[in-house]
Structure formats: structure tokens, C-alpha cells
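Values below: every heavy atom of this structure, side chains too, minus hydrogens, waters and symmetry copies. Order of appearance sets the numbers: ligands from 1, and atoms from 1 within every ligand.
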Amino acid sequence: MEVMPFSSFSVTKVPIFRSSALSPSLNYLPQDVCGQKFKLKSRKFSVCAAASGGDSVVTLLDYGAGNVRSVRNAIRYLGFDIKDVQCPEDILNANRLIFPGVGAFAAAMNVLNQKGMAEALCTYIQSDRPFLGICLGLQLLFESSEENGPVKGLGLVPGVVGRFDSSNGFRVPHIGWNALKIESNSGILDDIGGRHVYFVHSYRAMPSNDNKDWISSTCNYGDNFIASIRRGNVHAVQFHPEKSGVVGLSILRRFLQAKHYGVQRPIEREASKLAKRVIACLDVRANDRGDLVVTKGDQYDVREHTKQNEVRNLGKPVELAGQYYKDGADEVSFLNITGFRDFPLGDLPMLQVLRYTSENVFVPLTVGGGIRDFTDGNGRHYTSLEVASEYFRSGADKVSIGSDAVYAAEEYLRTGVKTGKSSLEQISRVYGNQAVVVSIDPRKVYVKNLDDIEFKAVRVKVPGPNGEEYAWYQCTVNGGREGRPIGAYELAKAVEELGAGEILLNCIDCDGQGKGFDIDLIKLISDAVSIPVIASSGAGAVEHFSEVFRETNASAALAAGIFHRKEVPIKSVKEHLLKEGVEVRM
Ligand code: 1PR
């Protein structure tokens with residue numbers, strides 16, 4: 001039975017899917033595939049189960065375009081060893097193959113073609129060998145993508161990968177936790193219907209008559225897009241199981257253990273909208289004894305007001321991050337708050353924190369602080385891209401840029417030219433804009449008349465100290481120490497144009513005060529941009545979270561002090577939000 005177009009590659013002998021390949025009860029490595037000779041364009045490969053290292057080994061196709069550390073960590077956490085693909089033969093000799101596509105579609109296809117891996121992948125998949133593609137690893141199976149294209153894909157699944165449409169108010173990238181709708185016998189997803197999994201992408205494949213036999217689940221974000229495909233032993237998911245907490249780990253485990261193929265009936269739960277995220281933030285710095293601690297400021301002042309004037313110490317970063325993961329945080333952010341003066345690559349403990357945390361925390365990790373060009377004492381120059389790359393390699397999923405993004409936005413607004421050289425532009429070009437957060441640290445400045453300032457202002461509910469009815473939000477750099485001639489509104493719009501994928505919106509006045517988020521500011525910014533906005537600073541009670549989601553278009557709410565001081569558990573925040581009708585991941 002011929003089941004798929006095979007447009008991109010000609011294979012001398014193409015093992016086609018037999019009808020048994022569609023059977024839900026297939027086990028791995030069908031006997032008739034073992035020992036079979038496959039002849040690619042130029043070489044012969046012998047497929048042999050033993051060659052891949054046995055049942056506890058999974059073969060990973062990492063073509064070096066980005067961070068697949070989280071996938072590695074998740075595989076190891078589940079008790080499996082990893083064999084890396086070095087050459088096309090390794091693909092054909094795999095017992096089970098995971099392909100966590102990262103980076104841009106065209107770049108990935110280039111590498112696969114140049115290394116002869118595209119052809120091997122097609123052969124492997126067409127012979128119904130156990131395969132799990134993740135994110136871009138799903139998209140590459142389609143015929144083509146519009147990402148910087150059209151660019152031709154592997155052509156195994158009918159359809160074109162296109163960009164989400166942001167014109168109807170949906171924020172792109174699609175970042176966050178969405179529930180799945182199981183469409184057909186999905187094997188490894190069978191009881192995951194209605195559960196939230198983590199997505200981060202700007203492009204997606206759409207269901208059609210031509211690919212309907214492949215679709216195992218969909219997800220709704222504006223339209224229904226393809227969340228996963230499955231045929232026989234071949235699976236691919238648009239979401240990130242390695243970042244989807246216990247639900248994601250259970251999906252990976254099933255794939256790795258080759259269990260649960262059609263044994264359970266899909267459980268139907270109602271599909272969802274995008275859940276609002278609750279993020280735990282850890283401001284990290286070295287204290288005066290040189291230990292890296294989680295600290296917390298009042299309006300960015302992190303020192304105790306005692307004789308010793310010590311940096312407040314609220315715990316150890318790796319332990320606290322692990323705790324918040326267990327407590328149900330949807331993401332964890334680390335802000336290296338002295339990064340603006342200490343070079344992060346010299347600050348190895350921060351990289352170690354990321355490495356250790358990512359071994360046991362399977363939700364997205366963001367790290368910020370000190371992402372900029374730097375020349376060290378020996379005259380060695382580091383680009384911001386190198387700094388970010390080191391953060392990604394150490395386990396970060398996103399990097400957050402503060403001060404350097406302010407300078408880039410000022411320059412862009414002054415010249416109207418995108419130089420492509422700012423850290424923001426370079427990192428988003430290489431890692432995708434979904435991997436770049438801009439952290440804004442604004443301070444509220446009251447004004448009497450709108451004509452007094454050139455920046456966007458809001459009418460305040462409570463007048464300022466001198467009866468002022470308006471306020472603008474002045475951006476700062478260097479941890480709030482220096483005010484800059486740019487407003488938060490202008491900055492947000494500029495960084496969106498320069499390639500930011502998300503905004504972390506702090507507010508110095510509200511930071512650590514526990515009196516609630518600055519609703520005026522968050523509404524101003526979340527209405528101004530079409531990328532997700534994380535509301536930050538000021539959470540003191542569960543009601544503050546429902547207020548910010550009710551009154552603004554924030555996609556996530558971040559808090560620090562109330563979690564560190566154990567005043568309000570994450571679980572209580574989420575239970576409250578659910579009760580208030582806000583969709584969250586439980
Ligand atoms: O400028 O690129 O090196 O980045 C520096 C980063 O460090 C920025 O993201 C900046 O926000 C952060 N930062 C710098 N100094 C401080 C400080 O506190 N002295 N922390 C600082 C900012 C703000 C939030 C905080 C929320 C929630 N912290 O992250 O966690 O306000 O707090 P709350 O819930 O207790 O109110 P660069």
C-alpha cells in the first residue's frame with residue numbers, strides 16, 4: 001500500500017508502509033525490517049537491531065543547530081542512554097530514533113541534505129521504524145514550509161507548514177500550555193487528551209484531507225492545527241514533551257518503552273484555549289561571601305537594611321527551582337541581576353545552576369542578565385551571541401535581555417534602521433524569536449500634561465504626589481540604576497520589530513511591594529504588541545493574578561517574593577484562577 005508522497009528523495013528501494021504499519025498493535029523493529037538491505041542513492045546500509053546498542057539506548061539526531069540539552073536530560077532522567085547520530089548509517093541502525101528539530105526550517109534541511117541524513121531519515125521512517133520527531137522534527141516531515149521560503153521538506157507527510165495568523169488577535173509565537181484534542185488512535189498520547197502540553201513555535205501544519213490519516217491530535221490556537229501525527233511506529237509532535245512536565249515525560253517514556261500502542265481508548269476531554277502561565281522568578285546574585293543566592297528586592301534594593309547591609313538570602317537557586325517545578329510552576333526564570341557588571345561567562349556558577357536545574361526540571365527555563373558583547377581582562381572579545389549560546393548550551397530555553405535591548409531600541413528609533421547587529425537581532429536570527437525575551441525595567445514618572453512628554457502616557461487612577469493625572473513609564477538599565485530617554489511603550493514596540501518573542505514586563509515601583517501588578521502599565525504594553533507579555537512585579541495575593549488576567553491581555557504572570565517566602569503556594573494561585581474561570585495547567 002503506497003501511502004505517502006516521496007517527493008524530495010529518490011531511493012532505489014523504498015520499503016513502503018504495509019497495511020500492518022497502520023496497525024495500532026505494532027511493536028518496534030518489525031522482524032521483516034531487520035537485516036533488510038536498503039540502498040540509498042550512493043551507498044548500501046544494513047539495518048541491524050544490535051548495532052544501535054540495545055533496548056536501553058536511544059539514538060538522537062542532533063544536527064548541532066541549537067540546544068537539545070533538555071531532550072537529552074529527559075531521556076537520561078527516564079533511564080535511557082543516548083547514542084548520537086554521526087552519519088546516515090547511525091540513523092538506519094537505530095533501534096529507536098528521536099529527532100528534536102531546532103532552529104529554522106531551511107537551515108535544518110540544509111544540514112540534513114548536506115550530511116546525507118535526509119535520505120536516511122526518509123528510508124528509516126518509510127520502513128516504519130520507531131521514530132519521534134519533536135517540534136521542527138515534525139515540521140520537516142511535511143512537503144514544505146513557508147518559513148523564509150517556500151523551502152522543501154522531507155515530503156513524507158502531505159501539507160505545507162505555514163505561519164500562525166496574528167491578524168485575528170492571536171499572539172505569535174504561540175508560547176505556552178495548550179490542551180490536546182486526540183483525533184485518532186494516537187498510541188503514545190492515548191490518555192493525554194485534554195491535558196496541557198508546552199508549545200513554542202510560530203509555524204504550524206494544518207489538517208487537510210490529504211494528511212488526515214496521519215493526524216493523531218490537534219490543538220486550537222485561532223484555528224485547529226496539527227499537534228501530533230502518528231502512523232505505525234512513526235510519531236511526531238509539535239509540542240515539547242521534554243518541557244511538558246510529568247505529562248510530557250510520560251509521553252516520552254511510552255515512546256522509549258514501546259508501550260501503550262493502542263491498548264487504551266483515547267480519553268476525550270474538552271480541548272482548551274491557551275492556558276495562562278504562572279512563572280516563578282529567581283533573582284540570583286553572589287552575596288558578599290561569594291555564594292550564589294536567590295535574593296529579592298524592594299523596588300530593586302536587595303540589601304537588608306541592617307548594620308551588616310547584607311544581600312537578602314532567600315535560598316539556593318537549584319533547590320528552589322526544583323521545588324517550584326514540583327509545585328506546578330509553568331516556567332522558571334533566573335535573572336542574573338548583577339550580570340550587567342559581572343561577565344556571565346566568568347560567572348560559572350550561574351551556568352552550573354542552569355546545568356543542574358535542567359537535569360530535573362522539565363518546564364521551560366529562562367535566564368537573563370549580562371547578555372551583551374564583552375571584552376575580558378585578557379582582551380578576548382565575546383559577542384552577545386556567544387554569551388547566549390553558552391546559556392542555551394547550559395540548559396536555558398529562552399534568554400532574557402534587559403539593558404542591551406534598551407540601547408538597541410534607542411538606536412533603532414533614532415535611525416529607523418535595523419542593523420541586524422544588536423544582541424536581540426542576532427540571537428533571534430540564530431535561535432528564533434521565541435527564544436528571546438526582552439526584560440523591561442520601567443519606573444513610573446508622573447506628569448501634569450500629556451504635552452509635557454514625548455512618550456506614551458496613561459491616565460492614572462490614583463493621582464501622583466502633586467496631583468498629576470498622567471504617568472509614563474521610563475525604561476532603565478543596569479538593574480534600575482540609570483533612567484533612559486525611552487518609554488516602556490516605545491521600547492516594547494521597537495523590540496517586537498527587532499525580533500523579541502516575548503516581553504517580561506517588570507515595574508520598579510511595584511517590585512516586592514505585594515500590592516498587586518501595575519495594571520495600567522501591563523494593559524498599555526499588552527495591548528500595544530502582538531507578542532506574549534509576562535506581567536511581573538507586585539504580586540502579593542492570589543487575587544492579584546486573577547485581576548491581571550481579567551484586566552489586561554497578559555499571557556503569563558510572574559512572581560518572586562510570595563513564592564520564596566512561602567506566603568502563597570503556586571497551587572493556591574492556580575486553584576484560585578481556575579475558580580475564577582481562567583484556564584491554567586494543573
Ligand atoms: O540588564 O540584561 O543585564 O539584565 C538584568 C536583569 O536583571 C533584568 O531582567 C532586570 O530585570 C534584573 N534585575 C536587575 N537588578 C535587579 C534587582 O532587583 N536589583 N531584578 C533585577 C529584577 C524583577 C523581577 C522580580 C519581580 C517580581 N527583578 O524579576 O522578580 O519584580 O517580584 P515580586 O513578585 O517579589 O514583586 P541585563
(message) If the contact criterion is a heavy-atom separation under 4.0 Å, does Gly368 count as touching ligand 1?
(response) no
(message) Please enumerate all residues that pass side chain to side chain contact (heavy atoms under 4.5 Å, CB included) together with Lys523, with sequence neighbours excluded.
(response) Asp527, Thr552
(message) Is the ring pair Phe563/Tyr324 parallel, tilted or perpendicular, if the boundaries are 30 and 60 degrees?
(response) tilted
(request) Look at Asp511 together with Lys296 and state whether they make a salt bridge at an N to O cut-off of under 4.0 Å. (result) yes
(request) Provide the full list of salt bridge (Lys or Arg N to Asp or Glu O under 4.0 Å) pairs with a residue in residues 411-422, sequence neighbours left out, each pair given once. (result) Glu411-Arg414
(request) Select one of side chain, backbone, both or neither to describe which atoms of Ser536 lie under 4.0 Å from any atom of ligand 1, heavy atoms only. (result) side chain
(request) Indicate yes or no: does Arg459 engage Glu469 in a salt bridge with an N to O separation below 4.0 Å. (result) yes
(message) Suppose I only count heavy atoms of Gly370 and a 4.0 Å limit; which atoms of ligand 1 are within that range?
(response) 2 (O), 3 (O), 37 (P)
(request) Identify, for atom 19 (N) of ligand 1, the protein heavy atom at the shortest distance, and state residue, atom and that distance. (result) Tyr300 O, 2.9 Å
(message) Please determine whether ring-ring contact (aromatic ring centres under 6.0 Å, His included) holds for the pair Phe374 and Tyr382, giving the CA-CA distance in whole Å, both sets of side-chain angles, and the decisive distance to 0.1 Å.
(response) CA-CA 5 Å; Phe374 186 84; Tyr382 296 85; 7.1 Å; no
(message) Tell me the nearest of Cys510, Ser439, Ser384, Gly538 to atom 8 (C) of ligand 1, using heavy-atom distances.
(response) Ser439
(message) Give the atom numbers and elements of ligand 1 that come within less than 4.0 Å of a heavy atom of Cys281.
(response) 29 (O), 30 (O)
(message) Please check: side-chain N/O of Asp441 versus main-chain N/O of Gly479, any donor-acceptor pairing under 3.5 Å?
(response) no
(request) Using non-hydrogen atoms of the residue, decide whether Asp404 is closer than 4.0 angstrom to ligand 1. (result) no
(message) Out of all atoms in ligand 1, which are within 4.0 Å of some heavy atom of Gly561? Include the element for each.
(response) 33 (P), 34 (O), 35 (O)
(request) Check each atom of ligand 1 against the heavy atoms of Gly512 and keep those under 4.0 Å away; list them by number with element. (result) 33 (P), 35 (O), 36 (O)
(message) Quick test: of every protein heavy atom, which one is nearest to atom 32 (O) of ligand 1, and how far off is it to 0.1 Å?
(response) Lys296 CE, 3.1 Å
(request) With heavy atoms of Ser403 as the reference, note each atom of ligand 1 found under 4.0 Å away. (result) 1 (O), 2 (O), 37 (P)
(message) Under 4.0 Å from a heavy atom of Ala559: which atoms of ligand 1 are those, numbered in the order shown and with their elements?
(response) 34 (O)
(request) Starting from atom 34 (O) of ligand 1, find the nearest protein heavy-atom neighbour and note its residue, name and distance. (result) Ala560 N, 2.9 Å
(request) May I ask you to decide if Asn378's main-chain N or O and Asp376's side chain share a donor-acceptor pair within less than 3.5 Å? (result) yes
(request) Just jot down the ligand 1 atoms closer than 4.0 angstrom to any heavy atom of Gly479, in number order. (result) 14 (C), 15 (N)
(request) For atom 25 (C) of ligand 1, find the nearest protein heavy atom and state the residue, atom name and distance (0.1 Å precision). (result) Asp511 OD1, 3.6 Å
(request) Compute the minimum heavy-atom distance from Gly297 to ligand 1 and say whether it is under 4.0 Å. (result) no
(request) Answer yes or no: is there an ion pair linking Glu386 with Arg393, defined by an N-O contact shorter than 4.0 Å? (result) no
(message) Suppose I only count heavy atoms of Asn506 and a 4.0 Å limit; which atoms of ligand 1 are within that range?
(response) 11 (O), 23 (C), 24 (C), 29 (O)
(request) Starting from atom 2 (O) of ligand 1, locate the nearest protein heavy atom and write down its residue, its atom name and how far away it is, to 0.1 Å. (result) Gly402 N, 2.9 Å
